[in-house]
J.: 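Dropping a structure here in structure tokens format, bear with me for questions.
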Amino acid sequence: MIAARRHRFGASLIDTLILTVPGVAIRAVALSGPAPDGGEQAAGSGWLDLWFANPYAGNPFWYLDVAVAVMWLLYLWICHAYWGQTIGKRLCRLRVVRADGNPLTPSQAGVRSVVSAAGTAMPYVGLLFSLVDGLWIFGPSKRCLHDVVAGTVVVDLKAVAGETGGRSGRPLVLTIGLLVIALPFAWFLWIAWG
């Protein structure tokens, strides 16, 4: 059975929170010293620059953005290639399989991961690409763009195993708990580095 959109969202949110910690740590360590070229990061001219500009132009720490994007890509690829699920998907009882129901091949996991992580590293259109990728799930097949490109589907393991009973609130409770922990931390970082 195809996974519910809300469960996929919860899994994605958990994975994002998991990867936020090392991403922030990488930036914190690198930004604690002087800029590589002796200058400072160029100030943007507003909110649109934050989302639709080239994050690498005038940024002496551009390599940090690339490192975080590569970290995200490797996390997705390794988890999907070996286990068919990330930590978030495991907690939400989801698995990625080929469209015919068989396990993913490493190349399919790689294609899926590259398309999924591409939005984090693309200048100018990264946010738009990520938005299109994520909104694709509202089509009739309940598959994101990265699923369509790689020929994969995300299945609900509880339904596949034939388990019955009421809905488990565990993924939702876990997601809310992680948000309660992560949002104050993110707010602090925004204030400290903003």
Side-chain angles (χ1 to χ4, degrees), residues 1-25 68-122 126-183 185-186:
M1 173 181 215
I2 302 294
R5 293 176 185 108
R6 67 182 181 277
H7 295 160
R8 289 192 63 177
F9 177 75
S12 177
L13 188 58
I14 291 167
D15 289 330
T16 299
L17 292 174
I18 288 170
L19 288 172
T20 296
V21 173
V24 167
V68 170
V70 168
M71 179 181 64
W72 181 253
L73 184 136
L74 290 175
Y75 171 77
L76 292 175
W77 185 35
I78 291 168
C79 288
H80 289 134
Y82 284 101
W83 304 289
Q85 56 192 173
T86 59
I87 295 169
K89 284 183 183 70
R90 182 168 176 82
L91 290 172
C92 293
R93 310 240 0 221
L94 306 176
R95 177 167 288 140
V96 181
V97 296
R98 295 191 313 209
D100 64 6
N102 290 317
L104 288 178
T105 64
S107 61
Q108 276 183 306
V111 168
R112 187 179 194 280
S113 302
V114 166
V115 174
S116 181
T120 62
M122 278 198 278
L127 176 69
L128 184 62
F129 182 82
S130 293
L131 188 63
V132 169
D133 180 29
L135 290 176
W136 207 274
I137 198 169
F138 291 103
S141 66
K142 294 185 183 176
R143 295 166 65 196
C144 289
L145 182 59
H146 57 264
D147 290 314
V148 173
V149 171
T152 61
V153 294
V154 179
V155 294
D156 187 339
L157 293 177
K158 188 174 178 181
V160 169
E163 296 177 23
T164 59
R167 288 187 193 167
S168 168
R170 186 175 57 168
L172 179 61
V173 170
L174 183 61
T175 302
I176 291 170
L178 288 172
L179 277 173
V180 167
I181 294 168
L183 287 177
F185 179 68

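This is a predicted model, so every value here is computed, not measured.
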J.: Any chance you could measure L157, atom CG, to L94, atom CG, to the nearest 0.5 Å?
T.: 6.5 Å
J.: Quick check for you: to the nearest 0.5 Å, what is the distance between H7 atom NE2 and K89 atom NZ?
T.: 14.0 Å
J.: Donor-acceptor check, side chain of W83 to backbone of I78, threshold 3.5 angstrom: yes or no?
T.: no
J.: Please round to the nearest 0.5 Å and tell me the distance separating atom OG of S12 and atom CG of L76.
T.: 8.5 Å
J.: Listed by chain and number, what are the side-chain contact (heavy atoms from CB on, under 4.5 Å) partners of V70, not counting sequence neighbours?
T.: V66, L74
J.: What's the shortest heavy-atom distance between Q85 and R95, and which atoms?
T.: OE1-NH2, 3.2 Å
J.: Is a side-chain N or O of T20 found less than 3.5 angstrom from the main chain of T16, in a donor-acceptor match?
T.: yes
J.: Filter on salt bridge (Lys or Arg N to Asp or Glu O under 4.0 Å), then keep only pairs touching residues 96-110, sequence neighbours left out; what's left?
T.: R98-D100
J.: Nearest 0.5 Å please: distance from the CG atom of L91 over to the CD1 atom of I14.
T.: 5.0 Å
J.: Check A81 against P106 and note the closest heavy-atom contact, atom names and distance.
T.: CB-CA, 4.2 Å
J.: Using 0.5 Å steps for rounding, measure from the SG atom of C92 to the CZ atom of F9.
T.: 11.0 Å
J.: Run the side-chain donor-acceptor check on residues 135-145: report pairs under 3.5 Å with partners two or more places apart or on a different chain.
T.:
{"unit_1": "R143", "atom_1": "NE", "unit_2": "T152", "atom_2": "O", "d": "3.0"}
{"unit_1": "R143", "atom_1": "NH2", "unit_2": "D147", "atom_2": "O", "d": "3.2"}
{"unit_1": "R143", "atom_1": "NH2", "unit_2": "T152", "atom_2": "O", "d": "3.2"}

J.: Looking at every heavy atom in both L19 and Y75, which two are closest together, and how far apart are they?
T.: CD1-CD2, 3.5 Å
J.: Any chance CH2 of W72 has more than 12 other-residue heavy atoms, nucleotides or ligands included, within less than 6.0 Å?
T.: yes
J.: Which pair of non-hydrogen atoms, one from T86 and one from H80, has the smallest distance, and what is that distance?
T.: CG2-NE2, 3.6 Å
J.: If you compare all heavy atoms of D133 against all heavy atoms of V115, which two are closest, and at what distance to 0.1 Å?
T.: OD2-O, 4.3 Å
J.: Mind listing the closest non-hydrogen atom pair of A118 and F129 along with its distance?
T.: CB-CE2, 3.9 Å
J.: Please list all pairs passing the salt bridge (Lys or Arg N to Asp or Glu O under 4.0 Å) test where one or both residues lie in residues 13-24, with sequence neighbours left out.
T.: none
